[in-house]
Amino acid sequence: MDRYNFKTVEEKWQEKWLESGVFRSKVDHSKKKFYCLEMFPYPSGKIHMGHVRNYTIGDVLSRYKSLQGFNVMHPMGWDAFGMPAENAARENDLDPKEWTNKNISTMKEQLKKLGLSIDWDREISTCSEDYYKHQQLFFLELYQKGLVYRKENYVNWDPVDQTVLANEQVIDGKGWRSGAIVERKKLNQWFFNISKFSQELLDGLDDLKQWPNKVKVMQKNWIGKSFGCEITFKTEGNLPVKEIKCFTTRPDTLFGFSFLALSVDHEISKYFSDDEDFKEFKKECSKTGTTEEAIAIGEKIGFKTNLKAVNPLNPSQKVPVFFANFVLMDYGFGAVFGCPAHDQRDFDFAKKYGLDIKTVVKPEGEEDTFEVKDEAYSGPGILINSEFLNKLKAPDESIIKTIDILEERKLGNKKINFRLKDWGVSRQRYWGCPIPMAYDENGNVIPIPKKDLPVKLPENVDLNSKGNPLDAKTEWKNITINGKKYVRETDTLDTFVCSSWYYLRFCSSKNAEYGYKQEEIDYWMPVDQYIGGVEHAILHLLYSRFFTKALGYKNSNFKFREPFEGLFTQGMVCHETYKDQNNLWLSPEEIELVGNTFHKKGDPNNKVKVGPSESMSKSKKNVIDPENIIQSYGADAVRLFILSDSPPEKDVQWSDQGMIASYKFLQKLWMLHNRIKEKIKIQNNGIEGNESLEKFTNQMINKITNNLEGFNYNVIIANIYETYNFINKIIEKDLDSKTLKDNYKKILTLFSPAIPHFSAECLEDLNFEEKIEWPIIDKDLLEDDKIDYVIQINGKKRAILKESRDMDQDSLMRKIKLNKLSEKYLKDKPINKIIFVKNRLINLLINE
RNA sequence: GGGCGAGUGGCGGAAUUGGUAGACGCGUUGGUCUUAGGAACCAAUAGUGCAAGCUGUGAAGGUUCGAGUCCUUUCUCGCCUACCA
């Protein structure tokens with residue numbers, strides 16, 4: 001008997017699938033569609049285990065849905081713009097496009113070896129003109145709808161590299177590449193008006209029933225809706241400032257007002273631009289702002305101005321105005337009214353600067369003389385010391401009442417404030433989608449005419465030039481439109497823009513006229529199941545939701561409101577970390593086990609320190625290369641292992657032993673397959689095991705179907721093992737050929753989403769040529785006619801009786817009386833109460 | 001500081017949602033076969049006890065005939081987020 005040769009089998013089926021085009025999808029209104037999408041990869045060079053896990057999960061689902069008769073679309077593409085290409089190209093002196101395309105072809109081959117059911121005809125790459133020209137058109141459309149605008153905004157500026165850095169590229173206040181101290185610089189940038197949809201994006205979350213709650217909560221917090229009031233404070237002092245606006249959620253504590261605090265970037269700061277002390281203070285603020293620790297400790301510092309702010313509800317009260325480090329310019333109005341008694345931050349600040357702390361809310365049940373002492377009180381209660389507001393219930397009643405009064409007296413307005421800010425999409429980078437805009441000599445903006453799209457990225461640019469390489473490319477930059485001279489916008493779009501609409505492009509990946517074809521998105525959208533890492537919980541998913549809403553804005557053809565109906569966030573793949581005696585990271589291949597300690601390979605004196613299991617990363621060298629693993633064990637074995645060890649939403653530990661076990665299991669399964677094959681050939685008409693085989697198969701259909709529906713993919717693998725164990729036993733028995741054949745076919749079908757090559761090979765080996773469909777559960781067979789009844793006495797399990805299904809209480813009692821257990825536990829003691837759960841258990845309550 | 005989630009054998013994890021706790025796998029132990037085993041197969045494997053049994057799902061209470069599952073309090077860990085007015 002041959003061993004299972006995964007190499008030939010997997011290659012054979014991968015070729016077959018590709019040639020026959022089984023995974024090709026097209027609109028077919030006679031069938032229900034299922035759009036399965038995994039987050040497309042960045043072509044960094046090679047696939048990693050995270051990809052293997054992500055795409056295996058999606059593949060199991062796609063194959064399962066196909067077998068169920070759905071018209072499945074399962075596409076794949078490349079998130080191909082971005083900085084790594086630009087950096088790699090600079091380091092190796094080559095073209096980012098070349099580098100990217102080479103990576104794409106490598107990774108595509110690797111993905112194919114996993115045996116994924118992907119419709120490669122729909123492949124897209126965001127860095128190709130075919131893709132980004134449509135993105136430019138969308139940009140212009142959004143511009144026309146008023147959803148795109150330009151404004152000055154602060155950015156992280158690297159003065160050495162002359163470029164803008166993303167927040168995550170600023171490490172301890174320094175540029176990640178140059179090491180230069182990052183400056184805050186105001187730059188003109190393009191923005192998408194995502195905040196216009198704040199409320200819609202928030203409300204939409206309620207409809208996303210198949211999203212993890214965790215992600216919805218994160219988005220909700222990110223959008224950050226708060227209800228409150230804007231209050232205009234009159235000011236007095238030696239500056240030409242008459243009033244300052246604040247946003248507050250607690251206007252009801254206005255009688256506890258004791259100072260007003262401004263952000264150092266507040267417009268009033270312009271009057272202090274020559275003040276040396278203020279400059280010093282501002283520097284101090286930016287220092288504390290950078291480290292997370294400083295924020296956690298949260299030392300509050302302030303700079304006192306000569307201004308006084310007037311309490312609008314009590315004009316005789318005038319309080320000092322400070323600049324303070326804890327006030328953010330981009331939230332509310334960059335100004336806060338301080339009420340130390342009921343806000344911990346304000347409390348800390350007041351303590352430090354010796355400001356009044358006046359209690360205006362007491363907890364229910366306290367005396368009116370209640371006073372805040374060691375910390376602010378922000379809980380519910382009753383208003384005190386607040387004149388006409390006294391006795392109101394805080395917070396709900398008091399806030400509404402106060403806002404009413406402020407509005408009536410024209411001192412303030414009810415206001416809903418969102419934390420969500422508009423999306424700055426300009427990047428001073430080469431390797432991205434050019435923004436299709438231009439400027440005349442006066443700096444006036446015009447969109448590039450649609451007929452001139454796409455604005456192509458120029459080739460042969462000098463990536464080593466300071467700043468944006470596009471800026472240096474004068475022959476590209478200077479253009480003429482309708483005989484008039486213009487200069488192109490040289491910024492490119494944030495790569496998140498590319499991934500905000502790629503799910504639409506997959507529906508019509510070849511459509512040349514427009515980003516999508518209406519009838520195709522009408523059929524395929526929304527994505528039924530989206531699968532990816534939780535690290536995209538906010539940005540990518542929020543931007544995609546925004547893009548859908550923006551395209552649907554003033555466009556009645558756009559029928560769906562949300563791009564992703566279902567979302568599944570898979571966990572990471574982890575591995576132990578290793579360090580040698582010099583504290584250098586070692587990869588798993590660089591170590592070996594001698595006795596029971598690890599040493600560096602070939603260096604028995606260099607003991608290895610085993611660190612905690614962490615997400616695989618190149619920097620910690622705790623990576624396992626999927627290519628090697630597939631090479632040694634085959635795709636099905638890898639799939640089996642990656643699914644088996646943990647629920648897909650949780651992190652999984654890579655284990656060599658587990659991997660080997662999966663490999664060995666397939667070998668065992670192949671042996672079993674051959675025994676089954678022999679048995680079927682013999683054409684016997686046994687009866688012994690038929691019934692139990694049918695029952696088992698039917699129960700397995702039920703279990704595996706339910707586990708697929710619930711994403712319990714690790715349990716499916718356990719079910720496959722169970723099935724092996726069962727058949728391995730029953731195969732000894734006398735079975736009828738036809739029964740064995742029919743049931744085995746069903747079982748192989750159940751296996752095929754997880755181990756597709758193996759299952760296909762076995763099915764073919766037995767000439768199961770008819771169309772393979774997901775087996776149907778026989779409800780009658782599901783119910784065993786013998787039940788294990790749990791017999792409890794006073795709630796304790798005392799026995800299990802195998803009796804017939806649907807037995808009533810009295811009959812079961814009679815059986816119990818006949819049992820020796822009755823003698824032992826019951827004797828003649830009176831039974832006080834009987835709890836009987838049909839087909840499950842009986843609990844007898846007696847006096848002990 | 002705020003939010004979310006999780007604590008079950010030596011390990012990863014199951015448990016039809018309130019009804020036999022520990023499925024399945026790894027590891028370990030014993031055995032069979034073998035020149036050999038880091039192969040294959042068989043068996044055992046929560047703790048304790050010779051056994052009947054008793055005890056067991058982070059801890060303490062509670063509801064219930066019955067709690068890993070529900071409620072209250074508490075501890076620990078993980079993730080996200082952060083001076084959001």
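Residue numbering restarts at 1 for every chain, and letters A, B, ... go by the order of the sequence lines.
Neither side chain, A:Ser258 nor A:Tyr353, offers a donor N or O lying under 3.5 Å from an acceptor on the other. Between A:Ser613 and A:Glu576, the side chains place no donor N or O within less than 3.5 Å of an acceptor N or O (distance only, hydrogens not considered). Side chains of A:Asn707 and A:Asn719: a donor on one and an acceptor on the other come within 3.5 Å.
Among the protein residues, A:Glu722 comes within range of the sugar-phosphate backbone only, with heavy atoms under 4.0 Å from sugar or phosphate atoms but none that close to a base. Among the protein residues, A:Leu845 comes within range of the sugar-phosphate backbone only, with heavy atoms under 4.0 Å from sugar or phosphate atoms but none that close to a base.
Below the 3.5 angstrom threshold, one finds no donor paired with an acceptor across the side chain of A:Lys214 and the base of B:C79. A donor N or O paired with an acceptor N or O is not found under 3.5 Å between the base of B:G27 and the side-chain atoms of A:Gln657.
Nearest-nucleotide positions on RNA chain B for A:Val652 and A:Ile717 put A:Val652 closer to the 5' end. Checking A:Ser226 against A:Ile835, the closest nucleotide of RNA chain B that is more toward the 5' end is the one next to A:Ile835.
The phosphate of B:G13 (OP1 or OP2) has a side-chain N or O of A:Ser646 nearer than 4.0 angstrom. In this structure, A:Lys664 reaches the B:A40 phosphate: one of its side-chain N or O atoms is under 4.0 Å from OP1 or OP2. A close approach under 4.0 Å does occur between a side-chain nitrogen or oxygen of A:Tyr331 and OP1 or OP2 of B:A85. At B:G25, one or more side-chain N or O atoms of A:Asn725 fall inside 4.0 Å of OP1 or OP2 (strictly under the cut-off). The side chain of A:Lys796 places an N or O atom within less than 4.0 Å of a non-bridging phosphate oxygen (OP1 or OP2) of B:U55. In this structure, A:Arg345 does not reach the B:G1 phosphate: none of its side-chain N or O atoms is under 4.0 Å from OP1 or OP2. Applying the 4.0 Å criterion to OP1 and OP2 of B:G66, one finds that A:Arg798 has every side-chain N and O outside that range. Residue A:Asn714 places at least one side-chain N or O closer than 4.0 Å to OP1 or OP2 of B:A14.
Listed nucleotides: B:U20, B:C24, B:G13. Nearest to the side chain of A:Pro647: B:G13. Listed nucleotides B:G12, B:A14, B:C24 differ in distance to A:Asp645; the shortest reach to its side chain belongs to B:G12. For A:Leu328, counting side-chain heavy atoms from C-beta on, the closest listed nucleotide (B:A85, B:U20, B:C4) is B:A85.
Between B:U69 and B:U73, the distance separating the two P atoms is 16 Å to the nearest Å. Nucleotides B:G25 and B:U45 place their P atoms 14 Å apart, quoted to the nearest Å. Atom name C1', nucleotides B:A46 and B:G10: the rounded distance is 11 Å, in whole Å. Comparing the C1' positions of B:G5 and B:C84 gives an interatomic distance of 24 Å, to the nearest angstrom.
When Watson-Crick and G-U wobble pairs are counted only if both distances are under 3.5 Å, B:G78 pairs with B:C4.
With rounding to whole Å, A:His342 atom NE2 is found 21 Å from B:G1 atom P. Here the P atom of nucleotide B:A85 and the CG atom of A:Asp330 are 13 Å apart, to the nearest Å. A:Asn698 places its CG atom 20 Å from the P atom of B:U16, with the value rounded to the nearest Å.
Taking the six-membered ring for Trp, A:Tyr713 and A:Phe711 have ring centres closer than 6.0 Å.
Aromatic ring orientation, A:Phe665 versus A:Tyr724: perpendicular (interplanar angle above 60°, classes split at 30° and 60°).
A salt bridge links A:Lys245 to A:Glu230: one of the charged nitrogens lies within less than 4.0 Å of a carboxylate oxygen.
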